[in-house]
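Written below as structure tokens is the structure these notes are about.
Every value quoted in this text rests on a predicted model; they were computed, and no experiment measured them. Numbering starts at 1 and runs along the sequence shown.
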Amino acid sequence: MSTTTCMALVATLVPAEPGREGTGGCIGFGAEVAGRFTQRLPRGGVDRGFTLSRSRFDFGMDRDGAGARLVLAGVRSGGEDSYIGVAGESIVPQIQVAEARYRATGMGLTVSAGLVDDPWVSTSNASWDLRATAPGMGESQAWLERSDLGAAAAWTSPDHWATVAGTFTAGEGPARRERNNGQDTAGLLILRPLANLGGEPGLLELHAYGREGSRGLGLTRDHRAGLRMTHRSPWVAGGAEWLRAWGVGGDARRSPRGLSGWAQVTPKATPTLAWARLDHIDEAPGTSNTRRVRTSVGVGLQLPPDGVTTPPLRLLVGWDRETRDESIASLAGAAATTRTDAIFVQLDLRARESTATSPTPQDI
């Protein structure tokens, strides 16, 4: 059974095309693994080395719409800035998604409960195809987390021109249990204005997102708002997004905002690709010395090229630069921190497989 008919690994908030009926049972497995070597400039301290920039495994099952999905990701047990963790600083598996769900695909409706996807992060992962080089802006800046405990629902119109999705969650992310009596409510609207013109539904998408929430023991505000526009065709994809936060990490005073734009080109009949991305971050709007700009460009080779399917393996060479507000460059010793560069080589694999199944008796 192909992945086009097996819904086991499809995220709840990226619903399947309405009208598609159930096709029996299937089990799906997906893997995304990326190893990277990086040289950072200016030199100093540990300025080069190897990292595991992406490590994710998806497992799912589906039987006529009823199923479950589990996502495991490798994380540094003590965090990237600590020398204290599990068995030294081992990379350990973290459950990022664990949901039970039901897809009424004939109605375009999906509901799920458990550890569910964040609507903005989930659609960012679908829009930005090179997450192994860097997460989307909201996740990379720690303004949003991958998932949370709660429930989610998504509905797509019969002609596929609109999707409405929402979540009702604890608000503490995947690594913390509930800490207050307030829950987060988030909503996402996706419009596809070209869906009725005979083109691919994803050719042009417009996203609007909002979240009202709280965090921590003190019910600290944790609100978000975002807008995004994306384009995807067989050989070129790109997009731009704006995201604003009110309260971050339990600090109600933080209200950062950011703009991000990206483009990826995969020339037809070649195994090559190229990308460019620009993030503009303002940690405290209206305050001096709080702006940062991150630029990323690179090229890659997709392996093994067969001219028919998207190859699962990519060899990437990239360059990242982060610059800070130029007004601090005149301070003694600040020149080394106003601009940092990183050159990296990365090998990553993204693959999904599925197989048809038959029901078996349940254990009693």
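Not counting sequence neighbours, the partners of Phe59 by the ring pair (Phe, Tyr, Trp, His ring centres under 6.0 Å) test are Phe29. For Arg321, the side-chain hydrogen bond (donor to acceptor under 3.5 Å, both in side chains) criterion is met by Asp341, not counting sequence neighbours. Listed by chain and residue number, Ala34, Arg54, Gln346, Asp348 satisfy the side chain to side chain contact (heavy atoms under 4.5 Å, CB included) test with Ala132 (two or more places apart in sequence, or in another chain). Scanning for side chain to side chain contact (heavy atoms under 4.5 Å, CB included) contacts around Val248 gives Trp143, Arg224, Ala245, Arg254, Pro256, with sequence neighbours left out. For Trp120, the ring pair (Phe, Tyr, Trp, His ring centres under 6.0 Å) criterion is met by Tyr209, not counting sequence neighbours. By the side chain to side chain contact (heavy atoms under 4.5 Å, CB included) test, Glu89 pairs with Arg76, Tyr83, sequence neighbours left out. Here Tyr102 pairs with nothing under the ring pair (Phe, Tyr, Trp, His ring centres under 6.0 Å) rule; sequence neighbours left out. Evaluation of the side chain to side chain contact (heavy atoms under 4.5 Å, CB included) rule for Ala142 yields no partner, not counting sequence neighbours.
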- prompt: Between Glu205 and Met229, does a side chain to side chain contact (heavy atoms under 4.5 Å, CB included) hold up when you go through it step by step?
  reply: CA-CA 6 Å; Glu205 291 191 354; Met229 179 176 66; over 6 Å; no
field: Verdict with supporting geometry, Thr12 and Thr110, side chain to side chain donor-acceptor pair (under 3.5 Å)
entry: CA-CA 6 Å; Thr12 298; Thr110 304; over 6 Å; no
message: Checking Thr51 against Ser53 for the side chain to side chain donor-acceptor pair (under 3.5 Å) test, could you report, in this order, the C-alpha distance in whole Å, the side-chain angles of both residues, the deciding distance, and whether it holds?
response: CA-CA 6 Å; Thr51 55; Ser53 59; 5.3 Å; no
message: Test side chain to side chain contact (heavy atoms under 4.5 Å, CB included) on Thr220 and Asp251; report intermediate values, then the result.
response: CA-CA 7 Å; Thr220 304; Asp251 186 350; 6.0 Å; no
message: I'd like to know whether Arg228 forms a side chain to side chain donor-acceptor pair (under 3.5 Å) with Thr123, so could you lay out the CA-CA distance, the side-chain angles of the two residues, the decisive distance to 0.1 Å, and finally the verdict.
response: CA-CA 10 Å; Arg228 181 190 293 130; Thr123 50; 2.9 Å; yes
message: What verdict does the side chain to side chain donor-acceptor pair (under 3.5 Å) test give for Thr323 and Arg339, after you've listed the backbone C-alpha separation in whole Å, the side-chain angles of each residue and the deciding distance to 0.1 Å?
response: CA-CA 4 Å; Thr323 57; Arg339 188 180 74 188; over 6 Å; no
query: Given the rule in the side chain to side chain contact (heavy atoms under 4.5 Å, CB included) test, do Asp184 and Phe168 qualify, once you have shown the distances and angles that lead to the verdict?
result: CA-CA 6 Å; Asp184 285 17; Phe168 185 59; over 6 Å; no
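For Leu315, the CG atom counts as densely surrounded, since its 6.0 Å shell holds more than 12 non-hydrogen atoms of other residues, nucleotides or ligands.
Counting heavy atoms from C-beta on, the side chains of Trp275 and Val265 never come closer than 4.5 Å. For the pair Trp262/Ser127, a side-chain contact is recorded, criterion being any heavy-atom separation below 4.5 Å from C-beta on. Using a 4.5 Å heavy-atom cutoff, the side chains of Ile91 and Leu52 are in contact. Taking 4.5 Å as the limit, every side-chain heavy atom of Ser214 sits out of range of all side-chain heavy atoms of Asp222. At least one side-chain heavy atom of Pro174 sits under 4.5 Å from a side-chain heavy atom of Leu115. Side-chain atoms of Arg69 and Val97, non-hydrogen and from C-beta on, do get closer than 4.5 Å to each other. Contact of the Phe50 side chain with the Arg36 side chain is not registered, since no non-hydrogen atoms from C-beta on lie closer than 4.5 Å. For the pair Thr169 and Thr185, the minimum side-chain heavy-atom distance is 4.5 Å or more.
Transitive grouping of hydrophobic side chains (ILVMFWY, heavy atoms separated by less than 4.5 Å) brings Leu206 and Trp161 into a common cluster. Linking Ile, Leu, Val, Met, Phe, Trp and Tyr whenever their side-chain heavy atoms come within less than 4.5 Å puts Leu189 and Leu203 in one cluster. Follow the hydrophobic side-chain contacts under 4.5 Å out from Met137 and you reach Leu188 in the same cluster. Under the 4.5 Å side-chain heavy-atom criterion for grouping Ile, Leu, Val, Met, Phe, Trp and Tyr, Leu347 is connected to Val345 within one hydrophobic cluster. Follow the hydrophobic side-chain contacts under 4.5 Å out from Val121 and you reach Ile190 in the same cluster.
With respect to the salt-bridge test (charged N to carboxylate O, under 4.0 angstrom), the residues Arg324 and Glu283 do not qualify. For the pair Arg294 and Glu322, the salt-bridge criterion is not met [side-chain N within less than 4.0 Å of a carboxylate O]. Arg350 and Asp129 are joined by a salt bridge, as a carboxylate oxygen and a charged side-chain nitrogen come within less than 4.0 angstrom of each other. A salt bridge does not link Glu172 with Arg179: every distance from a Lys NZ or Arg NE/NH1/NH2 to an Asp or Glu carboxylate oxygen is 4.0 Å or more.
The minimum heavy-atom distance between Glu99 and Val116, with the atom names listed, is OE1-CG1, 3.9 Å. Minimum heavy-atom separation, Ala153 to Val111: CB-CG1, 4.0 Å. Contact record, Thr38 with Ala342: CG2-CB, 3.8 Å, taken as the closest heavy-atom pair. Listed here is the closest heavy atom pair of Ala98 and Leu70: CB-CD1, 3.9 Å. Scanning both residues, Thr167 and Ala152, for their nearest heavy atoms gives CG2-CB, 3.7 Å. In terms of heavy-atom proximity, Leu316 sits nearest to Gly300 at CD2-CA, 3.7 Å.
In summary, the side chains of Ser147 and Asp118 do not present any donor paired with an acceptor at a separation below 3.5 Å, with no hydrogens or angles considered. A side-chain N or O of Thr272 and one of Thr270 form a donor-acceptor pair less than 3.5 Å apart. A donor atom on one side chain and an acceptor atom on the other are not found under 3.5 Å apart for Gln94 and Arg146.
Here the side chain of Asp117 pairs no donor or acceptor atom with the backbone of Pro119 at under 3.5 angstrom. Judged by distance alone, with hydrogens and angles left aside, the side-chain atoms of Ser157 form a donor-acceptor pair with the main-chain N or O of Ala162 at under 3.5 Å. Using a distance-only test at 3.5 Å, with no hydrogens or angles considered, a donor-acceptor pair links the side chain of Arg215 to the main chain of Gly171. Between the side chain of Arg244 and the backbone N or O of Ser255 there is at least one donor-acceptor pair closer than 3.5 Å. With hydrogens and angles disregarded, a donor-acceptor distance shorter than 3.5 Å links the side chain of Ser77 to the backbone of Ser90. With hydrogens and angles ignored, the 3.5 Å screen pairs no side-chain donor or acceptor of Thr156 with any backbone N or O of His160. Of the possible polar contacts, one joining the Asp47 side chain to the Gly44 backbone as a donor-acceptor pair under 3.5 Å is found.
Listed by first and then second residue, the salt bridge (charged side-chain N to carboxylate O under 4.0 Å, His left out) pairs that reach into residues 264-278 are Arg277-Asp279, sequence neighbours excluded. Pairs of residues two or more places apart, or lying in two chains, never qualify as ring pair (Phe, Tyr, Trp, His ring centres under 6.0 Å) while including a residue from residues 229-257. Listed by first and then second residue, the salt bridge (charged side-chain N to carboxylate O under 4.0 Å, His left out) pairs that reach into residues 131-143 are Arg131-Glu139, sequence neighbours excluded.
Apart from Leu217 itself, the hydrophobic cluster it occupies contains nothing, where clustering links Ile, Leu, Val, Met, Phe, Trp and Tyr at side-chain heavy-atom distances under 4.5 Å.
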